[in-house]
Amino acid sequence: MGADQNTNWRLAAASVLEWWQDAGVDMLVGDDPFDWLGGEEPVALASSPPAQPRGAPLDPPVTATLPATLEELLAWRIGTAAPEAGWGVPLVTASGPATADLMILIDCPERDSTDSLLGGMAGRLFDRMLAAIGRSRDDVHLASVCAARPAAGRMPRDLEQRLGEIARHHVALAAPKRLLVMGDAASRAILAANVMEARGRLHALNHRVSQTTEVVASFHPRMLLERPALKADAWRDLQLLKRGLE
């Protein structure tokens with residue numbers, strides 16, 4: 001009984017710590033003393049931008065210029081200037097023809113795959129999903145939001161906006177007829193919504209003059225392995241994706 005209670009306490013503590021991390025708490029105490037009994041002082045915001053009138057368009061964020069061609073972007077994504085270059089793990093590039101009518105975007109490489117996207121059990125399920133709609137890796141352009149697998153296996157919060165911008169630029173350069181985003185990270189990067197909010201309908205992504213890519217959101221094969229009951233919904237997503245490509 002005592003051992004079971006200790007185990008439960010450890011699991012509960014780990015769960016609380018993970019929740020705190022997601023909420024942005026990164027320290028237990030501060031370095032500077034604080035008078036908890038005194039009155040609260042107003043916080044001055046340094047270099048606060050002036051408030052814009054209601055309804056006024058927001059200024060676009062200033063970001064570094066991205067490569068102008070798909071070939072240059074693919075080389076840049078696995079070079080020293082990539083946002084993930086300092087993670088100390090291999091960077092994995094996109095695969096498949098650049099001119100494919102179908103592009104697929106996932107979150108990051110699998111834990112057991114350092115030289116290609118979607119390896120291991122998730123990759124084998126992915127191959128079967130493609131075969132079910134008459135496609136294969138040879139005729140789709142497969143890319144990821146992260147060029148490397150994050151240490152925690154999830155998209156770093158501080159890089160999510162930048163990596164999303166890069167992913168949208170990648171789609172614009174590839175200009176596929178349809179795009180399948182698999183998993184929440186890929187769906188948020190392109191559609192600013194999780195899979196459960198975005199799936200079940202086509203989304204129009206306008207990225208060039210007179211150029212539109214239709215987007216379908218579905219579950220990552222990794223999720224389907226964990227929750228097989230979702231495969232029926234994933235099959236409906238694949239059918240929606242297939243219509244219009246034939």
Side-chain angles (χ1 to χ4, degrees), residues 15 18 22 89-90 92-97 100-157 160 163-164 167-168 170-171 174 176-203 205 213-246:
S15 177
E18 184 177 0
D22 289 343
V89 292
V92 181
T93 189
S95 63
D101 63 339
L102 174 59
M103 178 175 175
I104 299 174
L105 185 70
I106 60 171
D107 54 355
C108 62
E110 295 302 298
R111 190 181 305 278
D112 53 356
S113 179
T114 59
D115 58 353
S116 62
L117 296 175
L118 275 176
M121 293 181 63
R124 290 191 287 275
L125 176 56
F126 173 69
D127 290 336
R128 294 198 297 271
M129 294 170 70
L130 286 181
I133 58 172
R135 307 301 290 255
S136 72
R137 293 185 190 235
D138 293 334
D139 58 18
V140 302
H141 187 64
L142 175 61
S144 60
V145 179
C146 282
R149 184 174 181 82
R154 294 179 297 180
M155 182 83 67
R157 296 287 179 87
E160 189 166 1
L163 292 174
R168 291 189 295 274
H170 190 155
V171 176
K177 184 175 183 180
R178 285 204 171 169
L179 169 68
L180 174 64
V181 291
M182 305 186 81
D184 284 339
S187 184
R188 285 196 302 268
I190 302 300
L191 302 174
N194 290 335
V195 168
M196 293 302 293
E197 300 168 327
R199 62 171 300 274
R201 62 190 186 277
L202 288 175
H203 302 263
L205 179 64
T213 291
E214 294 176 327
V215 185
V216 174
S218 190
F219 305 102
H220 194 289
R222 194 186 309 120
M223 174 64 74
L224 298 178
L225 291 173
E226 296 173 0
R227 299 177 58 185
L230 294 176
K231 289 182 178 180
D233 289 333
W235 173 244
R236 284 189 282 270
D237 297 335
L238 290 177
Q239 293 299 300
L240 176 61
L241 176 73
K242 184 179 179 181
R243 289 195 295 268
L245 287 174
E246 297 174 339

**Message:** Between Leu118 and Arg137, is the side-chain contact (heavy atoms from CB on, under 4.5 Å) condition met? List the steps.
**Reply:** CA-CA 10 Å; Leu118 275 176; Arg137 293 185 190 235; 3.8 Å; yes
**Message:** Evaluate Leu105 against Leu180 for side-chain contact (heavy atoms from CB on, under 4.5 Å), listing each step before the verdict.
**Reply:** CA-CA 6 Å; Leu105 185 70; Leu180 174 64; over 6 Å; no
**Request:** List the steps and the verdict of side-chain contact (heavy atoms from CB on, under 4.5 Å) for Val216 and Lys242.
**Result:** CA-CA 10 Å; Val216 174; Lys242 184 179 179 181; over 6 Å; no
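For the residue pair Phe219 and Met182, the shortest heavy atom distance occurs at O-CE, 3.4 Å. Residues Ala185 and Met155 come closest through the heavy atom pair CB-CE, 3.7 Å. The two residues Asp139 and Ala100 come nearest to each other via the heavy atoms O-CB, 3.7 Å. Summarising the geometry of Ser187 relative to Ala217, their closest heavy-atom pair is OG-CB, 4.1 Å, with the distance given to 0.1 Å. Taking every heavy atom of both residues into account, Ala143 and Met103 meet most closely at CB-CE, 3.9 Å. In plain terms, the two heavy atoms of His203 and Ala198 that are nearest each other are NE2-O, 2.7 Å.
Once rounded to the nearest 0.5 Å, the distance linking CD1 of Ile104 with CZ of Phe126 reads 3.5 Å. Ile190 CD1 to His170 NE2: the interatomic distance, rounded to the nearest 0.5 Å, is 10.0 Å. Atoms CG and SG, on Leu117 and Cys146 in that order, are 11.0 Å from each other to the nearest 0.5 Å. The distance from the CG atom of Asp233 to the CE atom of Met196 is 7.0 Å, given to the nearest 0.5 Å. The CG atom of Leu130 lies 8.0 Å from the CG atom of Leu238; values are rounded to the nearest 0.5 Å. Remark: Leu224 CG to Ser218 OG distance equals 6.5 Å, nearest 0.5 Å.
Annotation: side chain of Leu191 is not in contact with side chain of Glu197 (no heavy-atom distance under 4.5 Å). Residues Ile106 and Ser144 have side chains in contact (heavy-atom distance under 4.5 Å, counting atoms from C-beta outward).
Under the 3.5 Å distance criterion, the side-chain polar atoms of Asp184 are matched with a main-chain donor or acceptor of Val195. No donor-acceptor distance shorter than 3.5 angstrom exists from the side chain of His141 to the backbone of Ala174, with no hydrogens or angles considered. With hydrogens and angles ignored, the 3.5 Å screen pairs a side-chain donor or acceptor of Arg149 with a backbone N or O of Pro109.
Between Arg124 and Asp127 there is no salt bridge, since no side-chain nitrogen of the basic residue lies less than 4.0 Å from a carboxylate oxygen of the acidic one. Salt bridge present: Asp101 and Arg135 bring a charged side-chain N and a carboxylate O closer than 4.0 Å.
Each of Lys231, Arg199, Arg243, Arg201 was checked for a salt bridge (charged side-chain N to carboxylate O under 4.0 Å, His left out) with Asp237, and the lone residue meeting it is Arg199.
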